[in-house]
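Read through the structure below, which is laid out as structure tokens, and then see the notes.
Fair warning: this is a prediction, and the values are worked out from it, not measured in the lab. The chains referred to below are lettered A, B, ... by the order of the sequence lines, with proteins before strands, and numbering in each begins at 1.
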Amino acid sequence: MLEKEIQGFIEKLRTRREFLKISGKGITTMAVTASVLNLLGCGKSGEGSDTPATVTVTPKGILIAQRNRCVGCQKCEMVCSIKNNGKASSYISRIKVARNYNYGLTMAADYATGEGDYGNFLMTQDACRQCKDPQCMAQCPAKAIAYSETTGTWTVDTEKCIGCRTCEHACPWNMPTVDPETEKSGKCILCGTCAEHCPTGALQMMPWKEVTVRLEKKGYKLS
Amino acid sequence: MAKITGWTGKLLRVNLSTGSISTQDSMKYKDFIGGSGFGHKILFDEVPAGTKALDEANKLIIAVGPFTGTGVPSSGRTNIVSLSPTNPYHAATDSHMGGNFGPWMKFAGYDAIVIEGASKSPVWLRIEDDKVTIEDASGLWGKGTRDTSAEIAKIMGKEACVASIGQAGENLINLSSIVNSNSHSAGGHGAVLGSKKLKAIGIKGTKAVPIADGKAEDWLKLNDYFMKEIVGANNQHVVPSTPQPWAEYSDPGSRWTGQKDLFWGAAEPPVETGECPPGNTNWVGLRTQKGFFDLGPVAEERTIRMDGCHSCPIRCHSDMLVPELEKYGLSGYATSTCINYSSPLSIMIKGTADGDSKGMDAFITKCLGSRLADDYGIWSNYAQLGRDFKYVYEHGILKEKLPKEEYDSIPWDLLEKGDPAFLLEFYKRIALKQGEFYHVADGPYWLDKAWNLGKDYWAYKGNNIWSKMAFPKHHSNEAGSHVGTLIQIFKNRDANSHTHMNFIGAGLPIEVLKEVAGEVWGSPDALDKPNDYTPMNIYKAKFAKWSMDRNYLHDSITVCNYTWPMTVSPSKSRNYRGDTAIEAKFFSLATGIETTEAELDLAGERITTLARCETIKRMGTVNLRKEHDVIPDWVFDADPDKKAYTPGTVKLDRKDMETAITMLYKEYGWDEKTGAPTRATLERLGMKDVADQLESLKLLP
Ligand code: SF4
Ligand code: SF4
Ligand code: SF4
């Protein structure tokens, strides 16, 4: 089981990285298991916990988001908005923790046993999944969202954006956010600032070189 | 005028008597920085002498500073100023809460919320950016803080942050708190909101807090420098608690408990804290395994994660998995920080069933009690509540004062057996103000008034009450001799200053600390060796003043004084030197107003002095030296066989302490005879109007 999971994960890494290089498409965030986390050298191997983390493949490496390490400090939101918008704002931050802080993604009927700080304490760091067929892009009437070669992400062109908020609603996870002050949309461009400043390594940008080395340490090869 | 950055430039005023809601330019108060400074200025200017804490005329000022909501490390704390019902003179106190409330205020566009007047029926305040409404709270009245928050979240959206009072505040219990974000409580002002019939404030916003133009990269760099080179663990302890290969020093008392093979054991999968040497931002939040520190080794496998305030990398709260709580009708989760975890155990005065103060029973007791206290909104008065309860129980006073029927209805057997279920009764009877038992939560002064406890109560051994101001000591003469002692005498509640304590307890060898003391306060003599004191000197006065001023500064800009200032660091490459100018650096980047460390310290001095004037106004006397700044006898009479200033005792000498007080007054430019700020000093600090008001009240020295 573990072996199969690991092989499957490596295969996905490989193909998605290839896709990125060739077509710039199909990057998609994937949920991973504890054994995969262990493979990447993140934490001790877990017994049976299902999908505690997500991995996003980027041109520079992989972005790993681990829920079990997230302490809900929201520092990521502050540095994200300062880096990308020159001002601090939870609302326009491209990574979203605050809105899930109290009660998780959806408020449970019994909040005291649901997710979030009022419940089981589980935090959710939500960011753009970099979808294979992004609805934000598909539905944008101004064609303001397009693939960017430099960042390897679906990126909003603020020159073209008309602030209509279609992307906010089109995205199944409501990731793009229109800044009410500038009326321009913004979404994650995988700049890595959040990961750099996360005090517990709950967000981690792992360069391809390191991914390769870590896999080799455990006897696997990426390419 | 240049664009305002750091601050929002706006404060919100809500008058519950008239229902009027208005905004005002907050920059009128800019010299007072924010938070505590704004609070004391507004209270001093607007609340007449003679007002009592629960009067309609009292105001409650919730305020933050230019750092809040910008991501400055540990800037998630909110400051509240109002008259205090616990204080004998109803003098003003600051109460503080962490969580998300402060940043949410800024994101909604406000530096402060001023609550005025009183409603006739229960209400809550709904704030969504510019839209502010007073809502009916009759359906919320009688609920705990958590259900209140959840009900409001259902109306406003789950992202809303809610600060509310529990039943204790509603019932005007003196020791009551205001709670937000599940476990973050501000002690002492719950009843003020209760008297105004304001159950809760729900807040959310879509706005940004701007920092100075073009300073984003500098801002991120300063954050990076702070995280890699300067910050340590909780309380700015800068050495690990266990020896580690990278570390030159270690100290078993350090809150830097992170180490190999120590886990957040209930995380899925478990997270190893590991060694977290300086130089890596992503390890800072793993250094303090606070569950392990606060609740003992049994907590390791119960630890889900660390928790804490907005933008804080330290995380002093710990989140616990406690299925045992389900049998008391609660969920199986608990979260809190030091005193709120420890105070329930201090209520179990006969100990726990297994007799182990660090065992599983103690763990469950602490978790259960902290849940109940935060939900009812009860404040422990820095654990004095437990000591007061112990006194009245053990001296038979409860038996004498409570009606027989009430006394007999209390399950004393649970207490005697060490069964934590006793806490259910204990907190409920206080919060619901059932019978007469609630007086144990009056606070020492009013408890004595109610039950006539007399001299014995004030003098009993083990009582920590500092003076007739009736608050407990909090890092006093045992922490930095004269320095800790001087810091105790100022406030109207426990001296909640960690400026001195964090430095003294940093974990570095005394020789290193003394060197640093020399650099910051002018001489290594500013710091005595623990348990080996020397007579007063001027450098100790400077150290004490700096501690007070930074404390008020931190409560005003606002950062957590439980963590700041950065007097030392964990970096050997820096020779363990911290950076006391970081506040000024962040201030300059946030506000765009180039500000030096000295200028910011002057602002701290201004706020300390203003708070002093506030106390003079409430007490109606100029002679604080005699009436307020009193030191309890036990500071001088402890260890009768030992002489002060000999090794092995923390006792001080009376006459020498008088010299110390005089020296401190001199440092501030206050009148030496009375300890009151003079007109010249007030004018030097730009507070002519304060001097004028005091003069009109005949309260200038
Ligand atoms: S900075 Fe890290 S720990 Fe803090 S909220 Fe973001 S992901 Fe969680
Ligand atoms: S914004 Fe939403 S729809 Fe667009 S790529 Fe990201 S996750 Fe997909
Ligand atoms: S140290 Fe604790 S109280 Fe202070 S800001 Fe951090 S989490 Fe909050």
Q: Select, from B:Ile304, B:Val209, B:Val284, B:Asp129, the one with the greatest count of heavy-atom pairs under 4.5 Å involving chain A.
A: B:Val209
Q. Under 6.0 Å from the CD atom of A:Glu183, do we count more than 12 heavy atoms belonging to anything else shown?
A. no
Q: Might you work through the side-chain hydrogen bond (donor to acceptor under 3.5 Å, both in side chains) test for B:Asn100 and A:Gln74, ending with a clear yes or no?
A: CA-CA 10 Å; B:Asn100 288 334; A:Gln74 304 157 67; 3.0 Å; yes
Q: Mind running salt bridge (charged side-chain N to carboxylate O under 4.0 Å, His left out) on B:Glu268 and A:Arg67 for me, showing each step along the way?
A: CA-CA 9 Å; B:Glu268 291 189 31; A:Arg67 295 180 76 190; over 6 Å; no
Q: Check for a donor-acceptor pair, side chain of B:Arg305 on one end and backbone N or O of A:Phe121 on the other, with a separation under 3.5 Å.
A: yes
Q. Counting heavy-atom pairs under 4.5 Å to chain B, which of A:Ser93, A:Ala98, A:Gly119 comes out on top?
A. A:Gly119
(Q) Walk me through whether A:Asn102 and B:Lys158 qualify under side-chain contact (heavy atoms from CB on, under 4.5 Å). (A) CA-CA 7 Å; A:Asn102 293 322; B:Lys158 68 184 169 76; 5.6 Å; no
Q: Against chain B, work out which of A:Glu196, A:Glu77, A:Gln204 has the most heavy-atom pairs shorter than 4.5 Å and name it.
A: A:Glu196
Q: Find out whether A:Val79 and B:Leu220 are in side-chain contact, i.e. whether some heavy atom of one side chain is under 4.5 Å from a heavy atom of the other.
A: yes
Q: List the atom of A:Glu181, the atom of B:Ala208, and the distance in Å for their closest heavy-atom pair.
A: OE2-N, 3.7 Å
Q: Answer with side chain, backbone, both or neither: which region of A:Ala202 has an atom nearer than 4.5 Å to a non-hydrogen atom of chain B?
A: neither
Q | For A:Ala88 against B:Gly69, the heavy-atom pair lying closest together | A | CB-O, 3.2 Å
Q: Please determine which of B:Arg315, B:Met227, B:Arg287 meets the side-chain contact (heavy atoms from CB on, under 4.5 Å) test together with A:Pro199.
A: B:Met227
Q: May I ask you to name which of B:Asp213, B:Asp147, B:Val162 has the most heavy-atom pairs under 4.5 Å with chain A?
A: B:Asp147
(Q) Minimum heavy-atom separation for A:Lys75 and B:Asn223, please, with both atom names. (A) NZ-OD1, 2.6 Å
(Q) With a 4.5 angstrom heavy-atom cut-off, is it the side chain or the backbone of A:Asn100 that approaches chain B, or both, or neither? (A) both
**Q.** Closest non-hydrogen atom pair between B:Asp307 and A:Asp117, with its separation
**A.** OD2-OD1, 2.6 Å
Q) Minimum heavy-atom separation for B:Trp264 to A:Asn68, with atom names? A) CZ3-O, 3.6 Å
Q) After noting the C-alpha distance and the side-chain angles of A:Lys87 and B:Thr5, does the key distance pass the side-chain contact (heavy atoms from CB on, under 4.5 Å) rule? A) CA-CA 9 Å; A:Lys87 55 191 181 183; B:Thr5 63; over 6 Å; no
Q: Test A:Tyr103 against B:Ser149 for side-chain contact (heavy atoms from CB on, under 4.5 Å), laying out the working first.
A: CA-CA 11 Å; A:Tyr103 306 102; B:Ser149 303; 4.0 Å; yes
Q.
Is B:Pro103 close to chain A through its backbone or its side chain, or both, or neither, when contacts mean heavy atoms under 4.5 Å?
A. neither
(Q) Test side-chain contact (heavy atoms from CB on, under 4.5 Å) on B:Asn182 and A:Tyr101; report intermediate values, then the result. (A) CA-CA 11 Å; B:Asn182 188 7; A:Tyr101 181 94; over 6 Å; no
**Q.** Considering all heavy atoms, the nearest A:Thr113-B:Tyr333 contact
**A.** CA-CE1, 4.4 Å
Q.
Looking at chain A, which one of B:Thr281, B:Thr335, B:Thr206, B:Leu286 has the largest number of heavy-atom pairs inside 4.5 Å, strictly under?
A. B:Thr206
Q) When you look at CD of A:Glu159, are more than 12 heavy atoms from neighbouring residues, nucleotides or ligands closer to it than 6.0 Å? A) no
Q) So which part of B:Ala334 gets closer than 4.5 Å to some heavy atom of chain A, the side chain, the backbone, both or neither? A) backbone
Q. Could you give the distance from CD1 (A:Ile82) to CD1 (B:Ile211), rounded to the nearest 0.5 Å?
A. 4.5 Å
Q: Sort out for me which of B:Ala267, B:Pro210, B:Ser181 touches chain A most, counting heavy-atom pairs under 4.5 Å.
A: B:Ser181
Q) So which part of A:Ser90 gets closer than 4.5 Å to some heavy atom of chain B, the side chain, the backbone, both or neither? A) both
Q) About how many Å separate CH2 of B:Trp283 and OG1 of A:Thr200, when rounded to the nearest 0.5 Å? A) 13.5 Å
Q.
With a 4.5 angstrom heavy-atom cut-off, is it the side chain or the backbone of A:Cys76 that approaches chain B, or both, or neither?
A. neither
Q: Against chain A, work out which of B:Ala212, B:Gly274, B:Ala153 has the most heavy-atom pairs shorter than 4.5 Å and name it.
A: B:Ala153
Q: Evaluate the criterion salt bridge (charged side-chain N to carboxylate O under 4.0 Å, His left out) for residue pair A:Asp179 and B:Lys207; output intermediate values, then yes/no.
A: CA-CA 8 Å; A:Asp179 179 348; B:Lys207 297 184 186 180; over 6 Å; no
Q | A:His197 vs B:Asp224 side-chain heavy atoms within contact, under 4.5 Å | A | yes
Q.
Does B:Lys327, at its NZ atom, have more than 12 non-hydrogen atoms belonging to other residues, nucleotides or ligands within less than 6.0 Å?
A. no
